[in-house]
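Below you'll find the structure, written out as structure tokens, and then a few comments.
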There are 2 protein chains.
Amino acid sequence: MEGKAKKILIADDEPDILEIVGYNLEKEGYEVHTAKDGIEALEKAKNITPDLIILDIMMPRKTGVEVCEILRSQPLFQDTFIIFLTAMSDEASQIKGLEMGADDYVNKPISTKVLISRVNALFRRINPKDTDKLIRIGEITIDPVKFLVNIKGEEMILAKKEFELVYLLASRPGRVFLRNEILSQVWGNDVIVGDRTIDVHIRKVRQKLGVDCITTVKGVGYKFDA
Amino acid sequence: MEGKAKKILIADDEPDILEIVGYNLEKEGYEVHTAKDGIEALEKAKNITPDLIILDIMMPRKTGVEVCEILRSQPLFQDTFIIFLTAMSDEASQIKGLEMGADDYVNKPISTKVLISRVNALFRRINPKDTDKLIRIGEITIDPVKFLVNIKGEEMILAKKEFELVYLLASRPGRVFLRNEILSQVWGNDVIVGDRTIDVHIRKVRQKLGVDCITTVKGVGYKFDA
DNA sequence: TTCCATGTTAACATTAAGTTTACACAAAGT
DNA sequence: ACTTTGTGTAAACTTAATGTTAACATGGAA
């Protein structure tokens, strides 16, 4: 194996379900957290930043759909996987959920086996998102907490977009980021900006950093390298 | 725009389903191929290497489950997404399918909307670059994530088409790729380019790589070998 | 409000990538 | 040996992507 255990948050108002599903997921090696309503789910989500959130649609205080909506509006949960548990097998709500950013559906009454299988299937193909940590590459340090870039001892402050751009590229040095990837990561999935916007920001960043550390891969995207 | 359209192969013995679902997926911007039984599905899968395969469980000649099993045993289809269409809502076969490597289930009778939503949801969270595999052949490494070719420790960057060409050939060392195959894989099925285009790119690649690893098979095509 | 920093767009310049052309060559068939 | 067919090569050419600049838009702070 590798890496740390995946964190899963289950939110459902029926204690039985929390217990049974929780038990089985833990047996599979996941780190399980539970919440008994929508508000608690949101709080715990913020605290533990789970890799997967399983939401009952029908919950007190906030429904699963509402919770999903709120989470998806925050960058932190942009890439978190969400599975809905629902008794409603009607098409409309399924579509609504999926288009809102849910990743899968499991209909109640739940079969633990099916759920576990789906969870496993889901994680089988994900590679975990890196946490917002300080990045150090050679002479360059990028500190997302202080919002600072340090080059050869000299500190400089970048504009928000500029910073997010460098941070993204530098988060995986050498890896090429497609223009779409950059767009969706830095600008968001629904925002529509012109073609040259990325270029201009790339240019600004290159200018400010002084060092030539961003390479263009024509027809593909950009990458950061030492 | 960006990258090529995702390729989807649908296999079902009911022509109606092929037509309706196919039509709708094409409308969503996917490149759709169809097959009417298991054997045809396997053949087409090999030819077009789809990004997603939608398999009816109940099909003549070979069932969807069998097709899935065969595909999954081949490295080429290790990471291809597979969705089952099934009338059987019984748990057992769902679990069997998921554990065999299917990525999702849609129960018949199919709702086109639900299927489309699921397909979109599936592609939405894939990071195309991370599913691409690094190729290592002897002294040569081809890294589609970093978009780099490394020969005996020396890194070099190729142009997009050049890279795609090497990557294709190197993905199956020794295997001969027909000129048609190369065209459809690297240039796409609808693009029309002259006869000498491939040659010229082959030449550029040979030049840049320095090493002589691409063999001409006259009257047939090209192959990559150590 | 006014100012300033940031973000976005548009227009144009520049460069790289891709394609075609034209011809030279080499192998296979006659 | 000669012709045919398919491939190699270089250079001219076309297309597409990115770089660059400047102007405009926006939103928050003074």
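Proteins come first, then strands; the chains are lettered A, B, ... in the order of their sequence lines, and each starts at number 1. The figures that follow rest on heavy atoms only: side chains count, while hydrogens, waters and symmetry mates do not.
As judged by a 4.0 angstrom heavy-atom cut-off over every strand, A/Lys160 is placed among residues touching the sugar-phosphate backbone only. Using a 4.0 Å heavy-atom criterion, one finds that A/Tyr222 contacts the sugar-phosphate atoms exclusively. Within 4.0 Å of A/Thr197, counting heavy atoms only, lies at least one base atom of the nucleic acid.
In A/Phe147, the CZ atom is crowded: over 12 heavy atoms of neighbouring residues, nucleotides or ligands sit closer than 6.0 Å.
With rounding to the nearest 0.5 angstrom, the NE2 atom of B/His33 is 8.0 Å from the CG atom of B/Leu9. Summarising the geometry, atom CG belonging to B/Leu168 is positioned 13.0 Å from atom OH belonging to B/Tyr222; distances are rounded to the nearest 0.5 Å. For the atom pair CG (A/Leu165) and NZ (A/Lys160), the distance works out to 13.5 Å, reported to the nearest 0.5 Å. Here the straight-line distance linking atom CZ of A/Phe84 with atom CD1 of A/Ile54 works out to 12.0 Å at 0.5 Å rounding. With rounding to the nearest 0.5 Å, the separation of CG in B/Leu52 from CD1 in B/Ile8 is 5.0 Å.
In this structure, of D/dG8, C/dG18, D/dG19, it is D/dG8 that holds the atom nearest to the side chain of B/Asp199. Nearest to the side chain of A/Lys161, among D/dG19, C/dT19, C/dG7, sits C/dG7. Distance from the side chain of A/His201 is smallest to C/dG7 among C/dA17, D/dT9, C/dG7. The side chain of A/Val200 sits closest to D/dT20 out of C/dG7, D/dT20, D/dT9. Between C/dT6, C/dT21, C/dA10, one nucleotide has an atom nearer to the side chain of B/Arg196 than all others, and that is C/dT21.
To the nearest angstrom, C1' of D/dG19 lies 13 Å from CG of A/Asp212. In this structure, B/Leu165 atom CG and C/dG18 atom P are separated by 11 Å, rounded to whole Å. Rounded to an integer number of Å, the gap from A/Glu164 CD to C/dG7 P is 8 Å. Look at CD1 on A/Ile198: it is 11 Å from P on C/dT9, rounded to the nearest Å.
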Can you tabulate the close N/O pairs, meaning under 3.5 Å, that link protein atoms to atoms of nucleotides 27-30 of chain C?
| unit_1 | atom_1 | unit_2 | atom_2 | d |
| --- | --- | --- | --- | --- |
| C/dA27 | O4' | B/Lys218 | NZ | 3.3 |

Q. What's the verdict on salt bridge (charged side-chain N to carboxylate O under 4.0 Å, His left out) for B/Glu40 and B/Lys36, showing C-alpha distance, side-chain angles and the deciding distance?
A. CA-CA 7 Å; B/Glu40 195 185 340; B/Lys36 59 187 182 305; 2.9 Å; yes
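Of the residues near DNA chain C, B/Gly194 and B/Lys208, the one whose nearest nucleotide (by heavy atom distance) lies more toward the 5' end is B/Lys208.
A sub-4.0 Å separation between OP1 or OP2 of D/dG6 and a side-chain N or O of B/Thr216 is absent. For C/dG18, the OP1/OP2 oxygens have no side-chain nitrogen or oxygen of B/Trp187 closer than 4.0 Å. Between D/dG6 and B/Arg179, no contact under 4.0 Å exists linking OP1 or OP2 to a side-chain N or O. The side chain of A/Arg206 places no N or O atom within less than 4.0 Å of a non-bridging phosphate oxygen (OP1 or OP2) of D/dT20.
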